[in-house]
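In what follows, chains carry the letters A, B, and so on, assigned in the order in which the sequence lines appear, proteins first and then strands, with residues in each chain numbered from 1.
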Amino acid sequence: MTALIQHAIDAVSLGSLYALLALGVAMIFGIMNLLNFAYGELIMIGAYSLYVSRDLPWPVQLAVCLIVVIAASLAMDRLAFRPFRGASAPVLLVTSFALSFALQSLATVIFGSRAKGVSLPSFFDESITIGSVSFSSLNLVTVVLVIVLVGGLATFLRQTTVGVQMRAAAENFTTARLVGVKADRVIAVAFALSGFSAAVAAILIVAQRGTATPTLGVSPVLIAFVATIIGGLGSLYGAAFGGMLLGVLTVVLQVVLPDSLAPYREAFLYAGVIVVLLARPQGLVVVKALFERV
Amino acid sequence: MDAEGDPGSHGRLTVGATAGISTAPRPDGPGGVGGRLRAAGIKVQFQGLTAIDDVSCDLYPGEIVGLIGPNGAGKTTFVNVLSGFQEATEGSVAVDDTEIGDLSPEARAKLGVVRTFQGARLFTNLTVIENAEVSGVGIGLKRGAARQRAVEMLEAVGMTELAGARAGDITTGQERRLQVARAMAMEPRYLFLDEPAAGLNEEETDELIEVIEQLPRRLGCGVLLIEHDMRVIMGSCDRIVVLDQGKVIKVGTPAEVRSDQRVIDAYLGS
Amino acid sequence: MKKNGEKFLRAGWPAISLIGILVVVAVVGANLNPVNQRHTIEILINVVLVVGLYVFAGNSGVLSFGQMSFMSIGAYTTALFTIPVIQKAFLLPSLPGFIGSAELAPIPAALLAGAMAVVFGLIIVFPISRLSGLAAALAMFAVLVIVYQVGINWEAVTRGTRTMLGVPINTTIWSALAWTIICVLIAFAYQRSSSGLRLRATREDEFAAKAAAISIPRERAIAFLISAFVVGIGGYLYAQFQGAFTPAAFYTHVTFLTIAMLVVGGQRSLAGAVVGAVTVSILSFLFNSIENGVSAGPIHFAGRDGLSDTALAAFILLALLFRRDGIMRGREFELRRPGWMRRSGGGAVGGKPAVANTDPQAKEA
C-alpha cells in the first residue's frame with residue numbers, strides 16, 4: 001500500500017513536469033504550427049542562468065532565471081522566427097532545430113561541454129514524511145506549481161483580451177487575423193508564456209539534477225513533442241493530458257517491468273506512443289476543424 | 001441543345017463506335033458499352049445537420065447531366081458521396097448494379113468513376129504533362145503509355161505548348177483545362193465536373209465548354225456537370241437535376257427546368 | 001542513332017550531372033591530404049544517407065525523424081557479418097553460431113546490410129505508411145528511440161554501450177563513390193518510375209491523388225522500403241569506414257544533420273539532396289578545421305569547442321532564410337531545351353528554362 005502511494009506520487013509528479021513541458025511546446029504549435037526544438041534550449045538557458053546567479057539570494061536567483069528565459073524566448077521569436085512567418089512545416093522545423101543546435105553550440109563555447117554544478121535552495125531536497133509515506137518536497141512543489149500554472153493559464157486564456165485572441169488564433173489563425181487579431185502581438189505573448197513554462201521547468205529540472213549542461217534541454221523537448229502530438233495537436237488541454245499520461249506510463253513501466261526487461265523501459269514507452277498514434281492519429285483530444293474539407 | 005452537345009437521343013444508346021474517337025488504346029476502358037451509375041436515396045448528415053436528403057440520380061455513359069442549385073444546396077457533397085470522399089449516412093451508389101458505396105475514392109477511380117475538384121487541386125510542383133501523366137499511372141499504365149496518353153489529352157485541351165511548365169505557374173484558364181485533361185486521362189466512364197469553369201471569363205468558358213461537350217462522344221463517358229453559368233447548363237446538358245437545401249426539387253430537360261416555378265423561385269430568380 | 005543518344009542524354013541528365021559532381025568531389029578529395037581524404041569519404045556517405053532519406057521524405061513530403069534507424073541496422077549487420085571470426089568469438093561470445101562463423105566479403109555484406117534494413121522496414125512499414133504529417137514523423141522518431149534503446153541494451157548482439165569494434169575497413173573513396181552512384185541511380189530510377197510519379201502526386205495534393213486512383217499507403221510503403229535499402233547501404237559504408245562505433249552514432253545527431261542537409265539542399269529534388277549533403281558536409285569540415293585553430297601570419301586564432309557547430313547552425317539558418325525552398329528550389333539539373341520547346345504558350349509561364357523540373361521529351365513521346 002505504501003509503495004503504491006509512493007509510486008502514485010512519483011507518477012503524478014513526473015506527469016506534472018511533462019505536462020508543463022508539453023504546454024510550453026503546444027502553446028507555440030497551436031498558433032503558428034511550429035514544433036519548436038529550441039524550447040529545450042530555453043530550459044538550458046534557464047539552467048545556466050541559475051548557474052551564473054548561484055551566489056545571489058535564492059529569490060533573486062529564481063527571478064533572474066524567469067526574466068532571462070522569457071527575454072530569450074521573445075528574442076527567439078523576434079530574431080529567428082519572425083522572418084519565417086508563413087514558411088512550410090519542414091522549413092520551420094529545421095529552422096528551430098538549427099536554432100537549437102546553434103544555442104547548444106554557443107553554450108559549449110561559453111561554458112564548455114562539461115556539466116556545471118548548480119545549487120538551489122535546500123528546501124527542494126527535504127523529504128516530507130506523512131505516516132509511512134515519504135517523498136521529496138520537490139515532488140510536492142512540482143505538482144502544486146503545475147496545478148497553479150495550468151489554472152492560471154486557463155484563467156488567462158478565458159478572462160483576458162489577449163487570452164481570448166490567442167484561443168481564436170489557435171483555432172484558426174487566418175480567420176483570427178481577418179477579424180483584427182494582431183498576429184505578431186499574439187505570437188509574442190505565446191512566446192512569453194512558453195518562455196515562462198520553460199523557466200519553471202528549468203528550475204524543477206535543475207533542482208532534480210543539480211547540474212547544467214549544453215544538451216540539458218534535448219530530452220525534455222522530445223518528451224514535450226511526444227506529449228503534444230499524442231495529446232492532440234493544437235489543443236492545450238490535450239497536450240497537458242498527453243504529458244501527464246506519458247509521465248504516469250513511464251513510472252508504471254518502471255514498476256511493472258521485470259528486471260530483465262527494465263532497461264528496455266523507454267523502448268516500451270515509445271512502442272506505446274506508436275500504438276497511440278496508430279489508434280488515434282489525430283491525438284487523444286481531437287480538435288474540431290482540424291480536418292481539411294474536400 | 002446544339003449539335004455539338006447532343007450525343008444522340010440518349011446516352012444509353014451509345015455503343016462502341018462512339019468511343020473510338022479517342023486515339024489511345026483503352027485496355028481496361030469501358031469500350032462504350034451501356035452501363036449505368038445509380039445513386040439512390042443518398043442522405044448525408046454532419047453532426048446532426050442534414051446536408052443532403054434522399055437524393056437519387058442516374059448517369060448513363062454518353063450523356064451530360066447538369067447539377068444545379070444555390071450555394072449550400074449540397075451539390076459538392078453529393079459528388080463527394082459518388083466519388084467516395086464522403087460517406088453517406090443512408091443510400092446506395094452502384095455501377096452497373098454493383099454496389100460501390102464501400103469502396104475508397106481510389107478504388108472507385110480505378111472503376112472509371114472520376115471527379116474533378118473546385119479550385120482544380122493541381123499537383124503544383126509537377127509539370128503540366130506530369131499532372132496528366134499521374135492519371136495514367138494512377139490507373140496502372142506504364143510510364144511510357146501514360147505519357148503518350150497525357151500528350152494526347154493535352155492536345156485535346158490545347159495545352160501541348162505548356163507541357164514542360166510547372167503547374168503552379170499557369171493561368172486560371174489553363175488550370176481548368178489541365179484539370180479536364182487530367183480527368184480525361186483517367187479513362188472515365190462516369191465523370192463529375194465540379195464547377196470546371198469557375199473564375200473564367202466568357203471566352204475561356206466557351207473554350208472549356210467546347211471541350212466538355214465533346215467528352216461523351218470522345219470518351220464514351222457520362223458527365224455530371226456542376227455549374228453556375230446557366231448559359232452553359234442550358235446549352236450543354238441533356239438533363240438537369242436541381243438541388244435546393246439538400247433535396248431534389250426538379251429533374252428534367254433544360255426546357256422543363258427553365259419553366260418550372262419552384263426552380264425559378266429557389267434558384268433562377270425571375 | 002544520334003537522336004536516340006541525345007534523347008538518352010537529355011532524359012538522364014539529372015542523374016548524369018549529379019554523378020559528375022560526385023566524381024569531381026571524389027577525384028579532388030583523393031588528391032588531398034589523408035585527413036581530407038577521410039572527409040571525402042564522409043561526404044559520400046552523407047550523400048548516400050541524405051539520398052536515402054530523400055527517396056521517402058522528398059518524394060512523399062512526409063518528414064521522417066527515424067530513417068537513420070536503418071543506418072543502425074545496416075551498420076550492425078555489417079559488423080556482425082564481417083568482423084573476423086576469431087575476433088568475433090572474443091568480442092561477441094554469445095552470438096548464435098551461424099552469425100558467429102560468418103565472414104562476408106564487402107559486396108555481399110553491403111547487400112545484406114541493405115536487405116536487413118528492408119526486412120526491418122517491412123515490419124514497421126504497414127503501420128507507418130498509414131500515418132501522415134507530424135504523426136508519421138513522430139512515429140518514426142519513436143522507432144529511432146526504440147532501435148537506439150535496443151542497441152544500447154542488447155549486449156549479446158550489439159555490445160550495448162561498449163564500442164563495437166574490429167569491423168574490417170574496406171570503404172575507400174572509390175568504393176564509397178561506386179555505392180553513392182548506385183544509390184543516386186536507384187533514387188533517380190525510382191522517382192522517374194510510375195510509382196515515383198504517383199507518390200510525388202500524393203505529396204502535392206492527397207485528395208487529387210486519391211481521385212487519380214492512387215493508394216497513398218501503398219506508394220509510401222514502396223518508397224519507404226527503397227529508402228530503407230539505401231540508408232542501410234549508408235550504414236554499411238559507415239561501419240566499414242569507421243571500423244568502430246556505438247549506437248549513439250545512429251541517433252539524434254545524424255538524424256537532424258541529414259534532415260538539415262536535405263532541407264538546405266531543397267527536399268523536393270534529388271539534386272537538392274545531393275547538393276545539400278555535399279555543401280553542408282564540406283562547410284562542416286571547413287568550420288571544424290577553423291575550430292582547431294587557424295594561423296594567418298602572426299595572428300593565431302585559437303579554436304574553441306562548439307565554434308564550428310555554431311557556425312554550421314548559423315549557415316543552415318541563413319540558407320533557409322534566403323532560400324526557403326532550398327538551394328535547388330525543387331529543381332533537377334536539366335539540359336537546356338532547344339528553342340522551339342522553350343516557347344511559352346501562356347503569359348503566366350516565366351523563364352528559367354535551364355533548370356526546370358520538367359521532362360524535355362514531352363513532345364516526342
Looking only at atom types and distance, does a side-chain atom of [X] sit under 3.5 Å from a main-chain N or O of [Y], one as donor and one as acceptor?
{"X": "E332(C)", "Y": "A271(C)", "result": "yes"}
{"X": "T215(A)", "Y": "V218(A)", "result": "no"}
{"X": "E41(A)", "Y": "G217(A)", "result": "no"}
{"X": "S269(C)", "Y": "R331(C)", "result": "yes"}
{"X": "S227(C)", "Y": "G52(C)", "result": "yes"}
{"X": "S105(A)", "Y": "F101(A)", "result": "yes"}
{"X": "S72(C)", "Y": "M68(C)", "result": "no"}

Considering only heavy atoms, which portion of [X] lies under 4.5 Å from any heavy atom of chain A: side chain, backbone, both, or neither?
{"X": "R130(C)", "answer": "neither"}
{"X": "V264(C)", "answer": "neither"}
{"X": "Q267(C)", "answer": "side chain"}
{"X": "L63(C)", "answer": "side chain"}
{"X": "F126(C)", "answer": "neither"}
{"X": "L320(C)", "answer": "both"}
{"X": "L312(C)", "answer": "side chain"}

Next on the checklist: For F225(A) together with F37(A), are the ring centres under 6.0 Å from each other?
Outcome noted: yes
Checklist entry - Looking at the rings of F256(C) and Y251(C), which for Trp means the six-membered one, are their centres under 6.0 Å apart? => result no
Could you tell me which portion of [X] (side chain, backbone, both or neither) has an atom closer than 4.5 angstrom to a non-hydrogen atom of chain C?
{"X": "S113(A)", "result": "side chain"}
{"X": "V276(A)", "result": "neither"}
{"X": "L269(A)", "result": "neither"}
{"X": "V273(A)", "result": "side chain"}
{"X": "F84(A)", "result": "both"}
{"X": "L35(A)", "result": "side chain"}

Next on the checklist: So which residue, L131(C), V263(C), V145(C), ends up with the most heavy-atom pairs under 4.5 Å with chain A?
Outcome noted: V145(C)
Checklist entry - Which residue out of A87(A), P214(A), S100(A) racks up the most heavy-atom pairs below 4.5 Å with chain C? => result A87(A)
Item to check | Worked check of side chain to side chain contact (heavy atoms under 4.5 Å, CB included) between I28(A) and F191(A) | outcome: CA-CA 7 Å; I28(A) 304 295; F191(A) 269 94; 3.7 Å; yes
